[in-house]
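Presented below is the structure to which this report refers.
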Amino acid sequence: MAKQISVGVVNHSRARLAVNFLGSMRLAVNLLVLLAIASIIGTVLNQQQPYQNYILKFGPFWFDVFRDLGLYNVYRTNWYLAIVGFLVLSTTTCLIRNTPRMLREMREPDTAIASAYEPQRMANSITLHSPLSMDHATQMVTAILRGRGYRPKTHESAADHCMTVVGRKGRYNRLGYILTHAAIIVFCAAALYNADIPVKLAMLVGSVRPENNFHIPLSGVSKAAWLPDNNPAYRGTVTVPEGQSTHVVYELVGDGYLVQKLPFHILVKRFHVAYYSTGMPKDFISNIVIYNNEGKVLKEGNVRVNHPLTYKGVQIFQASFVDGGSLLKMKRYMLNNPGADAIRQKARVGQSVDVSGTSYKLKLKNFSLDNVVPARAIEAKPVKGLKHVNLGPSFTYIAQSKSGSGAEFKTYMQPIARNGQSYFVQGVRTAFGAPYQYLFIPTGPNGNIGLFMKYLSALQDQVTASDGKNTRDYVLDTFKRVVADYAPSMTARAEALYFQSAISAILQLRAYPAPFIVTLTGFDHRWAAGLEVTKWPATIVIYWGCAVLVLGIFILFYLPQRRILVRLRTLSSGGTEVIIGGTSSRNPYEFTKEFEGFAVRFKNVLRSQDGKKEN
Amino acid sequence: MMASSHANELLALTKIEAEGRWTNRLSKLDWLWFAGLSISVGILVDVFNSQFWFWQYVVLAVWYVTLIAVGIHWRPMQGAFLTVVTAALLGVWLYSIGQTPANDIVLRYVLQGYAGVMWMVGFLLAATIAYLIYFFTLLEKVGRLATGLTWAGVLMGFIGLGVRWRETYIGHPSWGHVPVTNLWEVMVVFCACTSLFYLYYESRIKSRALGAFVMPLVAASAIFLLWLTFVQHMDRIAPIIPALQSFWMKLHVPMMFVAYANFTIASFVGLAYILGDRSRKRGGGGILARALPSGELMDDMMAKAIALGFLLFTIATILGAVWAAKAWGGFWSWDPKETWALIVWLNYAGFLHARTSKGLRGKQMAWWSFMSLWVVTFCFLGVNLFLSGLHSYGKL
């Protein structure tokens, strides 16, 4: 493609040298490979992590070196963009330089080719002698070429009494070159436009400044961090609890953020997770309403993964979800005073509450509505056909005392049946990330651990009152008494099961890290949907760019330009000399085979007796 | 008298012209192929009219045109396509009348997705051995056997995939998906596609020697597949996460693998070229020089495979970007897999540019093509095994 460099230019001016350099194939190949190698860095090194991670990984010296090279965000460094820029510049140079010539060539009449080429000098060539007259042979040649789709044109040259037939196929092959290279340029331009250039420029001159404080309300964010709702392109995220609405999204920039105002409000009516029977999430769905400042509903619908909602060029995606502050109703049993009535308390996920009577604070971390686990994890012999069971709602919290001791708890709301006995189940871990140790406390006929607490209390009283007595006896006696008092309806079998479970629970409680047990009695569930909102007006340009690129590659590879040139001359000895030449812009090997087929056909039709002569 | 001779002449010319036309080179089978496909597509449109949306019509049209063109360009494709469709439909039908692998011998040992894949692995391993024997002995019989075994493997692989597609719905209709969602399934696609494209190139260049280069890699993939099956148990059908439930997945993933298949073939042809070139330079007495086709032919085949791979890779990457725009809200997130796809693309763009300029041909390009195998393999497997990111569903 660059073979026509500066033919006949004697004075190489500097500008011309630069153009030749930019348009050279060597530069293009080198830039492509260089860009490929540079791109590897960002895949090996995790990008855009907090700086502390990198310091830990590389040590202070290399951390500085890598930071200065921009390796923590390679694809936005100036040097990376410079390579891309150079590639675009090189592509543009090639395109501007070659397009006029290619267009000219495409439009060039075939007769011009007739005088410009010698068939003997073409990549494939053969000379035949036909007994037919020149006119007759010309007609035959034309028919053959037409049959193969070569659109033959004849051209008579009066000067040397010869006839030239020119056949051309794939005349528009060069269009493939123009389309592919133009597509790449359009592409990069559209990507830059989508990359929010105006905002980047505004940040550069300082009229827009990201806010660094993540703990202030929206009204407290400095005006310099706000972007207007007529911003041409943006991409931001926002977390909206169910039942609430937003008219902004947040764009993370470096270690701060910008507030992008939306041209409408988004109300999240409901968020919903659908599950497979294995407990794996099947779908995440936000039911949203879009309305304007006057409260008029503009659009309503579901946003699902892979199914965004579009309103006036703004697309809303389902990106993530968290608990939106569910209200939890809890009941607390004090282990140091198990006989006392349970204490009721209410709090929302995300809040920290004091535990009255202790130095502990409860931090409510999360709530999950469903907990689907393999059936085998619960029952030794699961019910046939039942592979997974839903253990129902659970919540996790961290209990921490003033002295610093604490643990994380995962508590299931519903009792879990196992081998005929129901249990209140709670996971406990004292180290973050460690697996939970599960505590199983049997639940009584009324479905809570009240009976167990009464028993525990009675035992504690007994221990103080009857030191030295037969331990086994009083443990059982006390149990019988507690059952008679609080759960007289229990059957003997249930009693036996309960007793066994209660004893093992008491043993388990020895290692329990907090002086109380919190159970969940009710909840008012509320999700928060994480939405991503984008506006990319150049999207359609990118799509068309892609289509043009593919079309261009196809033309370039599969519609090669092929030329057949036939020159016929009447021989003084009678008959006609037929010289056939052919070239192809691509796949010369394949064209040689096609040309051989042509040669055989010409020979047959022209009744030539020649052996094949190939140059 | 004059008039009649003129008429005869015109008739002769018309005949000459008509003989050259490409439609004249079509056989009766080609016309039947065209008619059969047209009718099938008509039926599909009639049945699914209410469920199809714009892009499904586009995809159907592309399939229709591609199948006609490919079937006419390479006739064995007609029989292969019919065999796969018929056998897969038979499997689906057996399931629909209530048969299961537990009570139906045909399903258990042949048509079940899992069984089909195991047959494929067996055939392809046997074919690799046959190709290696052929390479050293040049016995025509062994060569034919190798080709036949490869065909059997390809057919069983695609039949297995087809039936497995149906199997993903059985018992749990909401799990249903095209079998290209985990590493096991895509390895099946890779083995079958690479072998199929190898067969195509083999029939084009009329030489079986390159099978001894390409098929060992297919065999290695097949063994990896066995490891995935028996050690990792990845052959089990599982539901797919919400991000994968997309129309675009059906197009993006298989097309990527067709591209990978072509790149892989090109790289091993490159290796054959390098070795053949060396052997010929030393006098050409060795087995390599005797068995391998000419350097020019291999160079041409390599470039063709890369060109086709590049076209498909470009389309597949674009489809991936379209999908990403729907699922993640952005075309391009510089996720490791995306970046490696870009690296592969840039690498082959560089290759194709270098090849059009005159200086670079032959051995240098063969080396480039061969070394690209590592780039492609890293993009396909390495990223999932060693790096994290959004494409983490291909993990072990």
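Throughout, protein chains are lettered first and strands after them, A, B, ... in sequence-line order, and every chain is numbered starting at 1.
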Within this structure, what is the [atom1]-[atom2] distance for the pair [X] and [Y], rounded to the nearest 0.5 Å?
{"X": "A:Gln139", "Y": "B:Leu10", "atom1": "CD", "atom2": "CG", "answer": "7.5 Å"}
{"X": "A:Arg146", "Y": "B:Thr14", "atom1": "CZ", "atom2": "OG1", "answer": "9.0 Å"}
{"X": "A:Tyr275", "Y": "B:Ser174", "atom1": "OH", "atom2": "OG", "answer": "14.5 Å"}
{"X": "A:Leu87", "Y": "B:Leu346", "atom1": "CG", "atom2": "CG", "answer": "7.5 Å"}
{"X": "A:Ile41", "Y": "B:Thr339", "atom1": "CD1", "atom2": "OG1", "answer": "11.5 Å"}

- Message: Using modelled atom types and a 3.5 Å cut-off, is there a donor and acceptor pairing between side-chain atoms of A:Tyr276 and backbone atoms of B:Ile240?
- Response: yes
- What about the rings of A:Phe187 and B:Phe331, do their centers lie closer together than 6.0 Å? no
Atom of [X], atom of [Y] and distance for their closest heavy-atom approach:
{"X": "A:Met280", "Y": "B:Pro239", "answer": "CE-O, 3.3 Å"}
{"X": "B:Pro242", "Y": "A:Lys282", "answer": "CG-O, 3.4 Å"}
{"X": "B:Trp175", "Y": "A:Thr278", "answer": "CZ2-CG2, 3.5 Å"}
{"X": "A:Ser39", "Y": "B:Ile343", "answer": "CB-CG1, 3.7 Å"}
{"X": "B:Leu311", "Y": "A:Val550", "answer": "CD1-O, 3.9 Å"}
{"X": "A:Phe317", "Y": "B:Ala325", "answer": "CE2-O, 2.9 Å"}

Side-chain contact, heavy-atom cut-off 4.5 Å: [X] with [Y]?
{"X": "B:Trp368", "Y": "A:Val33", "value": "yes"}
{"X": "B:Phe351", "Y": "A:Val29", "value": "no"}
{"X": "A:Ile144", "Y": "B:Glu17", "value": "no"}
{"X": "A:Tyr543", "Y": "B:Ile318", "value": "no"}

- Donor + acceptor pair across side chains of A:Asn306, B:Trp323 (<3.5 Å): yes
- Could you tell me whether A:Glu590 and B:Lys304 make a salt bridge, using a distance below 4.0 angstrom between a side-chain N and a carboxylate O? yes
- If you tally heavy-atom pairs under 4.5 Å between each of A:Phe284, A:Phe554, A:Phe557 and chain B, the highest tally belongs to A:Phe557
- Message: Less than 4.5 Å to any heavy atom of chain B: does that hold for the side chain of A:Val533, its backbone, both, or neither?
- Response: neither
- Task: Walk me through it: do B:Leu13 and A:Met140 pass the test side-chain contact (heavy atoms from CB on, under 4.5 Å)?
- Result: CA-CA 6 Å; B:Leu13 284 176; A:Met140 298 280 195; 4.0 Å; yes
- Among B:Glu296, B:Lys15, B:Lys326, single out the residue with the greatest number of heavy-atom pairs under 4.5 Å to chain A. B:Lys326
- Stepwise side-chain contact (heavy atoms from CB on, under 4.5 Å) check, A:Ile553 with B:Thr314: CA-CA 9 Å; A:Ile553 295 176; B:Thr314 308; 3.7 Å; yes
- Task: Take B:His353 and A:Leu32 through the side-chain contact (heavy atoms from CB on, under 4.5 Å) test and state the conclusion after the steps.
- Result: CA-CA 9 Å; B:His353 276 88; A:Leu32 286 168; 3.7 Å; yes
